[in-house]
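Below is one structure, written out as structure tokens; comments come after it.
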Amino acid sequence: MTLFHERWRRRVSLLASEALEESERASTLAHLEGCAACREELAGLRRLLDLVAADPVREARPEIPLRALVARVQARLDDAEAAPTRPHARPVAAWWPALAATATVVALLALPRSAERPAEPTQAQAQVPQVPPELLQRLEANAAREQAARYLSAAQDVLLTVAATPRDCDRTSGRVDMAAEARRSRELLARRALLELDHAQVAAARPVLDDVERVLRDVAALEACARSQDLALIHREIRERRLLMKIDLMTRELEG
Amino acid sequence: MERHHGRLYRIALSYLRDADEALDAVQETFVKAYRNVSRWDPDSEVTPWLTRIAVNHCIDVYRRRRRIVTDPEPQGGSDHDDRATASEPSPERRVLSRELAERISRALRGLPEQQRAVFVLRHYEGLTLQEIAASMDISLGTVKSTLHRAIHRLRERLEGLRA
């Protein structure tokens with residue numbers, strides 16, 4: 001393996017990881033056309049990643065309820081209160097970032113805490129500055145919007161590749177290589193379940209997310225070396241639903 | 001917390017391959033976040049900050065565990081606890097899933113700490129390379145070369161286990 005090829009090997013690893021920028025991706029695919037060793041390398045890496053994609057750990061959920069976890073965190077914080085730190089001496093100029101930061105972490109930590117400990121506030125709680133509920137809601141809504149926008153953007157990447165007609169994997173039978181897109185779709189479908197759609201600003205994205213989910217399911221169900229007829233049906237669905245345009249508009253709206 | 005705990009748990013479980021340690025890691029991540037909230041830049045996103053805390057904690061746990069356990073290979077079983085995996089429809093499927101998880105656990109255990117973290121964040125959590133760089137406080141170039149080395153080393157390990 002020459003030094004020159006070592007560079008391509010790195011590109012092939014990143015291609016298998018779907019982590020190349022478009023220009024690098026195009027030049028790597030062009031290189032693959034004429035390099036049997038790199039094609040073989042890519043096929044091997046994709047087999048590995050398919051195996052990793054089937055790892056049951058991906059579906060794992062914490063086996064204790066969130067409330068119990070919150071209680072454990074609270075208990076650890078209470079224990080640590082023996083050596084308290086002081087927010088009192090902090091200069092005013094430094095106070096606002098800390099307040100906003102605290103607000104977010106309180107938002108992260110506080111949700112079920114009231115249900116867990118309705119009685120006296122602990123020392124840790126007493127030290128946290130009082131944060132207006134509107135600010136908490138705004139931070140929560142922003143985080144939910146960021147999450148939904150990022151998800152749609154990742155889905156758009158997959159659908160763009162699907163719509164752009166991927167590489168042939170078997171020219172004689174007109175089949176195309178959809179292994180990476182199918183795997184990425186499965187990952188996105190798993191992430192979809194974690195999106196928070198309760199906030200009003202994000203709830204508007206639900207119809208687009210549902211459409212995306214439907215098409216991602218079709219892509220996820222494709223064979224690694226997919227029939228072009230199956231792909232054509234997905235193309236039509238993307239076109240008829242005007243999905244790429246809808247994703248684009250909704251992502252921009254979510255990103256403000 | 002509700003939004004992040006599932007994601008942080010999966011990162012910790014993918015890295016540590018032990019359900020109890022993963023749960024402890026999530027707990028400690030929130031404790032550290034709460035204590036160090038004044039260090040967080042409110043103009044930046046919460047997710048990479050929490051991810052960085054979780055990954056650093058996992059690396060610490062892994063280092064401590066390595067000091068205690070001298071034999072990195074399990075004897076007749078995985079350190080992956082399948083209580084933590086989703087319920088499967090049949091016993092056969094459960095056995096296959098467990099075997100797969102065990103193989104991947106063994107292979108991942110052979111990766112250096114940083115390679116393991118980069119691989120988990122990319123291939124288990126689907127973070128972009130830029131997000132990984134931000135979460136781990138390393139350069140984009142380092143993420144690329146680390147991911148490349150991780151994926152090849154993992155492949156060698158998995159092929160070795162199959163053989």
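This is a predicted model, so every value here is computed, not measured. Protein chains get the first letters and strands the later ones, always in sequence-line order, with residue 1 at the start of each.
- Both the sub-6.0 Å distance and the 45° axial angle are satisfied by A/Arg58 relative to the ring of B/Tyr124.
- Two residues are said to be in side-chain contact when any heavy atoms from C-beta on lie closer than 4.5 Å; A/Arg9 and A/Glu41 meet this criterion.
- Neither the backbone nor the side chain of B/Thr29 comes within less than 4.5 Å of any heavy atom of chain A.
- Only the side chain of A/Leu49 comes within less than 4.5 Å of a heavy atom of chain B; its backbone N, CA, C and O stay farther away.
- For chain B, the nearby parts of A/Ala54 are the backbone and the side chain; heavy atoms of each come within less than 4.5 Å.
- Looking only at heavy-atom pairs under 4.5 Å with chain B, the residue among A/Ala154, A/Ala19, A/Ser17 that has the most is A/Ser17.
- In this structure, a donor-acceptor pair under 3.5 Å is absent between the side chains of B/Tyr62 and B/Arg109.
- Side-chain atoms of B/Arg7 and B/Thr51 include a donor-acceptor pair closer than 3.5 Å.
- If you measure heavy-atom distances from A/Arg11 to chain B, you find no contacts under 4.5 Å at all.
- Heavy-atom distances place both the backbone and the side chain of B/Ile151 under 4.5 Å from chain A.
- A/Arg183 does not touch chain B: none of its heavy atoms, backbone or side chain, sits under 4.5 Å away.
- Remark: A/Arg61 fails to qualify as a cation-pi partner of B/Tyr9 under the 6.0 Å distance and 45° angle criteria applied to the six-membered ring.
- Looking at residues two or more places apart in sequence or on another chain, you find no salt bridge (charged side-chain N to carboxylate O under 4.0 Å, His left out) involving A/Asp157.
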